[in-house]
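All residue numbers refer to positions in the sequence shown, counting from 1. This is a predicted model, so every value here is computed, not measured. Just so you know, these numbers use all the heavy atoms, side chains as well, and skip hydrogens, waters and symmetry mates.
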Amino acid sequence: LKTTNDKAKLILTFHGGGHHRKFNETFHYERMIANMTATWTKSQDDKEIQLPANKFLNFKKKRKEYKYLSYVELRSGLFPSKFGDRQYIPETNLKNIKHFESLLEKKIFENLIYLPFDNYNWGCVNSVKKIIKSNYIQEPISLMKYLHKSKIVLCTYTETLLYEGIITGPTILLYNFSTDLIHERFEKIFKEMVKYKIIFSNPEEASLHINDIWDNVDEWWNSKNVKNTINEFMQQTCMTSDNSIKIWSDFFKEQLKKNI
């Protein structure tokens with residue numbers, strides 16, 4: 001109310017990824033209260049503007065060494081906390097790990113590390129630990145510690161951690177299209193990501209692909225079709241730029257001019 005009375009503008013920005021989904025977790029509440037929203041994704045109307053993702057303004061963009069197949073756990077909880085939250089699904093992580101154990105080449109599976117979203121001891125976590133053993137990392141949200149040592153990041157959900165993987169190097173996504181619906185604006189690019197084996201809907205096909213590319217992962221990641229698809233995916237869902245700070249600065253200067 002004070003913002004309205006002072007004739008000031010309220011501009012909101014997203015702090016993470018995942019805005020390509022068909023259903024918004026806050027029912028687009030921010031669009032109702034703000035004059036404009038700065039989005040990671042391609043803007044859909046005059047109330048949105050796509051700006052470089054503020055999360056990655058000073059982000060290290062190259063991995064230092066290739067060693068691990070880093071499995072980023074599909075996060076879940078006992079209870080939903082927002083619209084579109086996944087059901088209690090540690091079983092999915094356990095099923096994935098069992099498939100990887102049986103289908104990945106031994107030398108690859110031995111380098112698989114399991115990165116949990118949080119520390120917890122309910123559900124199937126103990127069963128996962130029995131399979132992974134010392135490669136189960138007992139630290140919550142630990143991808144950043146191991147990201148730059150990862151040969152391949154194997155992500156299980158499409159939020160900020162996916163983009164942290166893609167920006168730094170070879171990354172594969174396991175994605176359930178039947179429960180995590182894509183907005184029609186982004187369906188085409190997601191289909192391209194499936195076509196060039198960046199996204200998989202099941203661990204079996206992902207395992208076979210990882211076996212194929214493990215010894216020459218850069219050859220696949222830097223191939224023309226994969227590179228072009230990744231670049232287009234980023235342009236549509238998580239814009240980044242080497243000139244990010246200037247772009248943000250110019251945006252705010254322009255808004256100030258309009259408001260004087």
Side-chain angles (χ1 to χ4, degrees), residues 1-62 75 80-85 141 143-144 147 155 157-169 171 173 175 180-193 198-199 227-260:
L1 180 61
K2 188 175 187 303
T3 298
T4 304
N5 290 340
D6 289 346
K7 297 182 180 180
K9 282 186 177 179
L10 176 61
I11 300 173
L12 299 182
T13 179
F14 296 138
H15 74 277
H19 298 283
H20 54 273
R21 293 190 176 97
K22 184 172 184 178
F23 301 109
N24 183 269
E25 61 192 29
T26 60
F27 301 97
H28 294 291
Y29 174 71
E30 68 281 354
R31 286 173 57 85
M32 291 185 266
I33 65 171
N35 298 95
M36 183 177 290
T37 54
T39 70
W40 288 25
T41 56
K42 232 171 183 177
S43 53
Q44 59 180 326
D45 55 39
D46 292 339
K47 286 203 73 174
E48 291 185 355
I49 181 169
Q50 186 184 29
L51 293 172
N54 44 9
K55 167 79 176 180
F56 303 119
L57 293 182
N58 294 300
F59 194 73
K60 293 180 181 179
K61 296 185 178 181
K62 191 173 182 180
R75 70 176 186 173
S81 61
K82 56 190 175 183
F83 179 75
D85 249 2
I141 316 179
L143 176 61
M144 291 311 299
L147 178 61
C155 204
Y157 60 98
T158 56
E159 295 181 13
T160 308
L161 292 176
L162 170 66
Y163 297 107
E164 290 171 342
I166 287 176
I167 288 170
T168 57
T171 299
L173 171 66
Y175 195 80
D180 212 349
L181 302 179
I182 303 296
H183 195 286
E184 52 267 22
R185 292 189 297 139
F186 304 109
E187 285 180 352
K188 183 178 179 181
I189 187 58
F190 268 81
K191 287 178 181 177
E192 289 294 298
M193 294 280 280
I198 305 159
I199 296 179
K227 211 68 183 171
N228 288 343
T229 302
I230 287 292
N231 288 340
E232 182 60 27
F233 179 75
M234 294 297 291
Q235 281 298 313
Q236 290 194 33
T237 65
C238 180
M239 177 184 173
T240 60
S241 172
D242 292 332
N243 215 17
S244 294
I245 293 177
K246 184 177 187 306
I247 294 172
W248 273 92
S249 176
D250 289 346
F251 165 70
F252 282 120
K253 287 177 181 177
E254 183 63 25
Q255 296 307 307
L256 287 170
K257 286 181 183 177
K258 290 179 179 178
N259 215 37
I260 293 175

Side-chain heavy-atom pair [X], [Y] within 4.5 angstrom cut-off:
X	Y	answer
F251	K246	no
T160	F14	no
L51	W40	no
T13	N54	yes

Just how far is it from atom [atom1] of [X] to atom [atom2] of [Y], taken to the nearest 0.5 Å?
X	Y	atom1	atom2	answer
T229	E232	OG1	CD	8.5 Å
L12	I33	CG	CD1	5.0 Å
T158	L161	OG1	CG	11.0 Å
L181	E187	CG	CD	9.0 Å
Q235	K42	CD	NZ	7.5 Å
Q236	F186	CD	CZ	6.5 Å

side-chain contact (heavy atoms from CB on, under 4.5 Å) between E48 and M36, intermediate numbers included: CA-CA 6 Å; E48 291 185 355; M36 183 177 290; over 6 Å; no
Side chain N35, main chain L10, donor-acceptor under 3.5 Å: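 Here the side-chain-to-backbone pair exists.
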Short side-chain to backbone donor-acceptor contact, T39 and T41, under 3.5 Å: yes
CA sep, side-chain torsions, deciding dist, call: Y163, T237, side-chain hydrogen bond (donor to acceptor under 3.5 Å, both in side chains): CA-CA 9 Å; Y163 297 107; T237 65; 2.9 Å; yes
State whether the number of non-hydrogen atoms from other residues, nucleotides or ligands found under 6.0 Å of [X] atom [atom1] is greater than 12.
X	atom1	result
K188	NZ	no
D46	CG	no
D242	CG	no

Nearest heavy atoms of [X] and [Y], plus distance in Å:
X	Y	answer
S241	I247	OG-CD1, 3.7 Å
A34	K47	O-NZ, 2.9 Å
P52	W248	O-NE1, 2.8 Å

Verdict with supporting geometry, K55 and E164, salt bridge (Lys or Arg N to Asp or Glu O under 4.0 Å): CA-CA 9 Å; K55 167 79 176 180; E164 290 171 342; 3.6 Å; yes
Aromatic ring proximity F190/F233, centre distance under 6.0 Å: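 Between F233 and F190, which both carry aromatic rings, the centre distance is below 6.0 Å.
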Option from L162, I198, I166 for which side-chain contact (heavy atoms from CB on, under 4.5 Å) with L173 holds: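 Result for side-chain contact (heavy atoms from CB on, under 4.5 Å) with L173: L162.
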